[in-house]
Protein chains: 2
Amino acid sequence: MSRSPQQPPQRSFVGKYADDLGQLISQQIKPVYKAMGIQVPVKSCSLVHVLGYLHQASLVDLAKCLNQSHQLIKQKIPRLLELKIITHSKDPHDKRRTLYQLTDLGRQQAGILKQNPMEQIYQQLSEEVGADIQSVLMAAIEQLQQKDLYTRYNEHNEY
Amino acid sequence: MSRSPQQPPQRSFVGKYADDLGQLISQQIKPVYKAMGIQVPVKSCSLVHVLGYLHQASLVDLAKCLNQSHQLIKQKIPRLLELKIITHSKDPHDKRRTLYQLTDLGRQQAGILKQNPMEQIYQQLSEEVGADIQSVLMAAIEQLQQKDLYTRYNEHNEY
DNA sequence: TATGCAATATATTGCGCAATAGATTGCATA
DNA sequence: TATGCAATCTATTGCGCAATATATTGCATA
């Protein structure tokens, strides 16, 4: 049946490739983290990492640091409580806020992450692709936050 | 409360930034696609695009072209059938296979995508970040498929 | 003090993807 | 023909995230 010779990649699917890379990494990184002794769920590692610096933080604090919605942070909390990586306590000065801290286990885990264990690996990968991957990604995010795709689209079409 | 001054980004979270970029784009692109007259769900556009070249394809054909699992492709099918963008028919020569084709609407939609409507926008964005974003992403994916993170990790630690 | 808005947190629903298991058909070959 | 394996498709469950709605507390100010 018309099996195709993998047609040429089109320049319209940057989003797809970004997703593909993110998912590829989150899969491949699981055994690596396991070998490193990291028990934190992969997608919660950045949360644990920032808590290592903040010591105490509310959902909104964490959301701002991680550039994510506070609702999303909230969804990760129950599992981290179960795993005894974080604890929570009420803010005595603001009854709306709940403060989260790392447990001893959490601090140990954050300590591993703080050593930047993937540094060399990503650096080598960056050399292979000819650009600093993380810098490119961060720059792209920043540029799109400053001027979104719809604005760019309109600018290209208003002449 | 210990509100932090946005601590320095660490080099260990390439996966997170790839995810962030992918999600940012898939959000920002919705109004753009709408303005272009694209009715296909954002995450199914690449599927419709390749069907425009294949004309007829099974789940496995599509999965290979898109570098995704056939199960995932399958999950997108019902919605595309509802929207009357694709149709399906049994392969007369192989009763295991179901063949999918574009409808008239689907071909019209694929026609829009074929014009590479985001080309200029992504090119400008690439200039702003100082590297061809799509090339970097594709190269990173390819390198990781050839040698995964766990292998790289072990190579860094066996000396 | 009472009113209204802001900040924070919680709950629910839906989408996209991964992972696994299971069913059917095709095909080679004993 | 009968057996077993491969290819294809289907179904189910769980995770992560978005989007929206709702509730509670804090705070400014009329």
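Quick note on labels: first sequence line is chain A, next is B, and so on, each numbered from 1.
The nearest pair of heavy atoms linking A:L80 to A:P41 is CD2-CD, 4.0 Å. The minimum heavy-atom distance between A:K95 and A:K90, with the atom names listed, is O-NZ, 4.0 Å.
Residues A:L144 and A:L149 have side chains in contact (heavy-atom distance under 4.5 Å, counting atoms from C-beta outward). Counting heavy atoms from C-beta outward, B:F13 and A:C45 have side chains that approach closer than 4.5 Å.
Proximity of a side-chain donor or acceptor of A:Q109 to a complementary backbone N or O of A:G37 within less than 3.5 Å is detected. Judged purely by atom type and a 3.5 angstrom limit, A:S69 uses its side chain to pair as donor or acceptor with the backbone of A:L72.
One interatomic measurement links the two molecules: CG of B:D91 to P of D:dA7, which rounds to 16 Å at whole-angstrom precision. Rounded to whole angstrom, the span from the CD1 atom of A:I77 across to the P atom of C:dA11 amounts to 13 Å. Rounded to whole angstrom, the span from the CG atom of A:L72 across to the C1' atom of D:dC15 amounts to 11 Å. Atoms NZ (B:K76) and C1' (C:dG14) sit 16 Å apart, rounded to a whole Å. A straight line from NE2 of B:H88 to C1' of D:dT10 spans 13 Å, rounded to a whole angstrom. For B:I73 and D:dT8, the CD1 to P distance is 14 Å, given to the nearest whole Å. When the P atom of C:dG14 is taken as reference, atom CD of B:E82 falls 13 Å away, rounded to whole Å. Remark: C1' of D:dC17 and NZ of B:K16 are 12 Å apart, rounded to the nearest angstrom.
B:N154 and B:T151 share no donor-acceptor pair across their side chains, judged by distance under 3.5 Å alone. Looking at B:Q124 and B:E128, their side chains do bring a donor and an acceptor atom within 3.5 Å of each other. Under 3.5 Å, the side chains of A:S58 and A:D61 contain a donor-acceptor pair of N or O atoms.
Summarising the local packing, NZ of A:K84 is surrounded by 12 or fewer heavy atoms from other residues, nucleotides or ligands at distances under 6.0 Å.
Looking at heavy-atom distances under 4.0 Å, B:L59 makes contact with sugar-phosphate atoms alone, never a base.
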Extract from the structure each pairing of a protein N or O with an N or O of nucleotides 22-27 of chain C at less than 3.5 Å, listing the distance.
residue : atom : partner : partner atom : Å
C:dG26  : OP1  : B:K95   : N            : 2.8
C:dG26  : O4'  : B:R96   : NE           : 3.4

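Ranking D:dT8, C:dA9, C:dA18 by closeness to the B:Q75 side chain, first place goes to C:dA18. Out of D:dA21, D:dC17, C:dA9, the shortest distance to the side chain of A:Q71 is found at D:dA21.
In summary, B:E155 and B:R152 do not engage in a salt bridge, as defined by a charged side-chain N under 4.0 Å from a carboxylate O. Ionic pairing of A:D19 and A:K16 is not present here: no N-O contact between side-chain nitrogen and carboxylate oxygen is shorter than 4.0 angstrom.
Interface residues of residues 19-48 of chain A facing DNA chain C, ordered by number: A:Q23, A:Q27; criterion, heavy-atom separation under 4.0 Å.
OP1 or OP2 of C:dC17 has not a single side-chain nitrogen or oxygen of B:S69 nearer than 4.0 Å. Within the 4.0 Å cut-off from OP1 or OP2 of D:dC9, not a single side-chain nitrogen or oxygen of B:K74 is found.
No aromatic stack links B:H70 and the base of D:dT8, using centre distance under 5.5 Å and interplanar angle under 30°.
Stem regions annotated for DNA chain C: C:1-30 with D:1-30, counting only runs of 3 or more consecutive pairs of Watson-Crick or G-U type with both contacts under 3.5 Å.
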